[in-house]
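The next block holds one structure in the form of structure tokens; read it before the comments.
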Amino acid sequence: MQITTTGQDNFIRWTLAAGAYFLCLIAFYIDIGQDMGAQYFMPILIPVIAVLILMQYGSRIPLFSKAALPNLLTGLLWCSAFPLLYTWTYNQGWYMSMICFDFLIGTALFVLLTSLESSLFRLGWHKTIAVFMSLLNFVGIVVPLIQYIYYCTVWHCLSPASLMALYLTNYHESLDYIQSNIGVLPALAILAALFAFLYFCYKCHLRLARELEEDTTAGRMGALAFLVIGAMWVLSVYLPQSSIASLWFDVDTYVKQTQEYGLGHDERLNSLSIDQSMTLAAKAPGTVIFVIGESASRNYMKAYTPAFPYEDTPWLSSMAENDNFLLFRNVYASWSQTVPVLQRALTEQSQYNGKEFFNSASIIDVAKKAGYETWWFSNQGRYGQYDSAITLVAKTADHAEWTDDSYTFTDKYDEALLPYLSQLDPTKNNFVVLHVMGSHIYYNNRYPSAFSKFQTAEGQSTVTSTESYANSILYTDHILSQVFAYAQKNLNLQAMVYFSDHGENLEISHNPDVFSFDMVRIPMFIYLSPAYQQALPGRTQALREHQNEYFTNDMLYDTVSGLLNAPSDRYEPYQDFASRSYAYNRDNLTTMLGQRKLTEDMTDMPPAPPIQAP
């Protein structure tokens, strides 16, 4: 089929417009520091440009025209709202995949509205359809508009904490909020602006109706139908995964889980029957500290992997020579993400026993019944994608505090946790949980400049480099040394446990969809004081014998129960690493919630990165 000169010219214009749309948005994301990464935008480059060309072919309306402007603005608001406001608030990168989702959602919304409108206008009833499309524009901008209005009110993007307030608010509280935080006149001005926007959309849609060519070929109508169906499919897939939707679903889940967990907690606590006369608190009074690490992989820790080229664990390496420190070299996470791991590590639930989280007692419950005052100090957010189930357990402690109450990604270094230890009474039995930010991506944000010991090679990004990761491990090593030194000197420290929630793959982080075993190879150590070893020699010997045995961190609830010498009817000795009854080994242990066997892990160490020349 021969293409006319006009057809060729149109194709060139449509292609240039589609390319400009794509490149301008990519440049926008890069400019605000939210580059979605070539691994995300390159696969969608050709499909997006092809769809935008097809849309212009079917509608016969140029991409950047006044007639298409309402739909374009609706799409661009979705593309820009969360990435831009998150950047302005936190001055750091969001997840690349989330940026890609927001881009696809905004683009699909633009394509859907324009294609639908072009199809409907060919049926007549132009004014009615123009009103209908204006209302769809309004529906399309509601979510990003709320984000922009909220930001302009408090100069902070919508976060889990603010979404929680929005979720739980009622009609009267909403009016009070508008009156106190926005004001009546500004609220009326916003309302007037919305009506002006709707009128503007209405006029633009009528203009589009006038500019549509009287050409209803089967090819063009088929193209529009294809685009409408395709755009709706994209929205159905990616809208629930968008940045703001993910946060909203986290809040929804958190609220429902909180209600269910809270209702049964007292009953679970009361059901624990522990003989306090036999516990560690009775035999060797003092403090026990339980430190939850973040994204630490033993593959990149010198104390566990001697071939790793960077000396990033000087304190732990020195402590490994101390008979009171036990390093466990074959420990794995039960999953590669925080919440699924910790809801098991902190409670009875494990991969192996089939118990449910909401019916399980926690290590906090066990410590309380064993005679300890319980404390929880966290440098991770109270709400958000990685902390909902964890917070449920944390809030059952006698004392629970967070260094940052607003968002998962705190900007505080883990040293912010150290002053909290001064709250403890050294004459009491204390059980303390410290939840650190550790090596959470992005690694270069996790340590102060004084710990930039290992320098990233020129031309490489410091965000996810091996050197930055090693620096974050070095800083965690320092924090652990400070916690240990203070507790040993001031708090009558009897035991200290450290483990990481999961590991890390330095190229793809810890995404379970692209699983590799370095995402679940984790460090774990236990310190036992001389007084502990004298009081509980059987527990001590069992732990020594298990130093080179295999273990998964979802069995930590039973191990802590054993460590505190506090067995109960909610305790399983065969899952207790501090018991001679421990029944697991490499052949019968699994990770990824039973999906992968540890026997599938054929190596404990990835190739070491080359040492950069000075």
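Only this structure's heavy atoms are used, side chains among them; waters, hydrogens and symmetry mates stay out.
Note that the CG atom of L346 and the CD1 atom of I363 stand 5.0 Å from one another [nearest 0.5 Å]. A distance of 12.0 Å separates CH2 in W375 from CD1 in I289, rounded to the nearest 0.5 Å. A distance of 10.0 Å separates CG of N553 from CD1 of I292, quoted to the nearest 0.5 Å. Taking CG of L158 as the reference point, atom OG1 of T89 lies at 9.0 Å (rounded to 0.5 Å). To the nearest 0.5 angstrom, I390 atom CD1 is 11.5 Å from T347 atom OG1. Atom CG of N505 and atom OG of S297 lie 9.0 Å apart (nearest 0.5 Å).
Judged purely by distance below 3.5 Å, without hydrogens or angles, the side chains of Q460 and S465 never pair a donor atom with an acceptor atom. Residues S439 and S472 bring a donor and an acceptor atom of their side chains to less than 3.5 Å of each other. Inspection of the E504 and Y469 side chains reveals no N or O donor paired with an N or O acceptor under 3.5 Å. Side-chain contact check for Q349 and E356: no donor-acceptor pair (N or O, by modelled atom type) lies under 3.5 Å. S452 and N471 are not linked by any side-chain donor-acceptor pair at a separation below 3.5 angstrom, with hydrogens and angles left out of the test. Side-chain atoms of N299 and T305 form no donor-acceptor pair, as typed in the model, at a separation below 3.5 Å. Side-chain contact, T590 with Q351: a donor N or O sits under 3.5 Å from an acceptor N or O.
When every heavy atom of P512 is checked against every heavy atom of M592, the shortest pair comes out as CB-CE, 3.7 Å. Between A333 and D501 the shortest heavy-atom distance is CB-O, 3.2 Å. Nearest heavy atom pair, residue M232 against residue L112, reads CG-CD1, 3.6 Å. Among all heavy-atom pairs drawn from S246 and P240, the shortest one is OG-O, 4.0 Å. Nearest heavy-atom pair across S461 and T456 is O-CG2, 3.7 Å. Of all the heavy atoms in P144 and L77, the pair that sits closest is CB-O, 3.6 Å.
F64 CZ: more than 12 foreign heavy atoms inside a 6.0 Å radius. Shown here is E507, whose CD atom has no more than 12 heavy atoms of other residues, nucleotides or ligands within 6.0 Å.
At a threshold of 4.5 Å between non-hydrogen side-chain atoms, the residues F22 and I44 count as touching. Under the 4.5 Å side-chain criterion, counting only non-hydrogen atoms from C-beta, L480 is not in contact with L316. Side-chain atoms of D35 and M96, non-hydrogen and from C-beta on, never get closer than 4.5 Å to each other. Counting heavy atoms from C-beta on, the side chains of Y21 and L63 come closer than 4.5 Å. The closest side-chain heavy-atom distance from F41 to I26 is below 4.5 Å. For the pair Y310/E467, a side-chain contact is recorded, criterion being any heavy-atom separation below 4.5 Å from C-beta on. S295 is listed as a side-chain neighbour of H502, based on a closest heavy-atom distance under 4.5 Å. Between V497 and F525 the shortest side-chain heavy-atom distance does not fall below 4.5 Å.
Distance alone, capped at 3.5 Å, is enough to place a donor-acceptor pair between the S468 side chain and the T462 backbone. A donor-acceptor distance shorter than 3.5 angstrom exists from the side chain of Q34 to the backbone of W94, with no hydrogens or angles considered. For the pair D312 (side chain) and K302 (backbone), a donor-acceptor distance under 3.5 Å is present. Counting only distance, with no hydrogens or angles, the side chain of Y447 and the backbone of Y413 share no donor-acceptor pair below 3.5 Å. The closest donor-acceptor contact from the side chain of N379 to the backbone of K412 lies under 3.5 Å. A donor-acceptor pair is defined here as one N or O able to donate and one able to accept, closer than 3.5 Å; no such pair exists between the side chain of Q343 and the backbone of P340. Formation of a donor-acceptor pair under 3.5 Å by the Q56 side chain with backbone atoms of W14 is found in this model. In this structure, the side chain of S336 engages the main chain of H510 through a donor-acceptor pair within 3.5 Å. Checked by atom type and distance alone, the side chain of S242 pairs as donor or acceptor with a backbone atom of L239 at under 3.5 Å. A distance-only check finds a donor-acceptor pair linking the side chain of Y29 to the backbone of C79 [under 3.5 Å].
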Requested in this report: Begin from the C-alpha positions of Y498 and T476 and carry the test side-chain contact (heavy atoms from CB on, under 4.5 Å) through to its verdict.
Outcome: CA-CA 11 Å; Y498 167 77; T476 297; 4.1 Å; yes

Report task. Show your reasoning for whether salt bridge (charged side-chain N to carboxylate O under 4.0 Å, His left out) applies to R596 and D601. Result -> CA-CA 9 Å; R596 306 295 294 267; D601 185 11; over 6 Å; no

Requested in this report: Under the side-chain hydrogen bond (donor to acceptor under 3.5 Å, both in side chains) rule, what do S80 and Y148 come out as? Steps first, then yes or no, please.
Outcome: CA-CA 10 Å; S80 66; Y148 277 109; 3.0 Å; yes

Requested in this report: Tell me, with the steps shown, if D477 and T313 meet side-chain hydrogen bond (donor to acceptor under 3.5 Å, both in side chains).
Outcome: CA-CA 6 Å; D477 187 73; T313 55; 5.2 Å; no

Requested in this report: Begin with the C-alpha distance, continue with both residues' side-chain angles, and end with the deciding distance and a verdict on side-chain hydrogen bond (donor to acceptor under 3.5 Å, both in side chains) for T552 and Y352.
Outcome: CA-CA 10 Å; T552 55; Y352 314 107; 2.9 Å; yes

Report task. Show your working on side-chain contact (heavy atoms from CB on, under 4.5 Å) between L84 and Y151 and close with a plain yes or no. Result -> CA-CA 11 Å; L84 181 62; Y151 182 87; over 6 Å; no

Query raised in the report: What's the verdict on side-chain contact (heavy atoms from CB on, under 4.5 Å) for V341 and D554, showing C-alpha distance, side-chain angles and the deciding distance?
Result: CA-CA 7 Å; V341 168; D554 51 327; over 6 Å; no

Requested in this report: Could you please spell out the steps behind the side-chain contact (heavy atoms from CB on, under 4.5 Å) verdict for T464 and L506?
Outcome: CA-CA 7 Å; T464 58; L506 300 192; over 6 Å; no

I'd like a table of donor-acceptor pairs (distance under 3.5 Å, sequence neighbours excluded) in which one partner is a side-chain atom from residues 97-106, with atom names and distances.
residue, atom, partner, partner atom, Å
D102, OD1, S243, N, 3.4
D102, OD2, S243, OG, 3.0

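Aromatic ring centres of F451 and Y475: separated by under 6.0 Å. The ring of F290 has its center closer than 6.0 angstrom to the ring center of F499.
Between D414 and R446 there is no salt bridge, since none of the side-chain N atoms of the basic residue sits less than 4.0 Å from a carboxylate O of the acidic one.
By the 30° and 60° cut-offs, the orientation of the rings of F515 relative to F517 is perpendicular.
R298 forms a cation-pi arrangement with Y332, by the criterion of a distance under 6.0 Å to the ring centre and an angle within 45° of the ring axis.
For the pairing with Y420, the ring pair (Phe, Tyr, Trp, His ring centres under 6.0 Å) check across W376, F377, W402 returns one residue only, F377.
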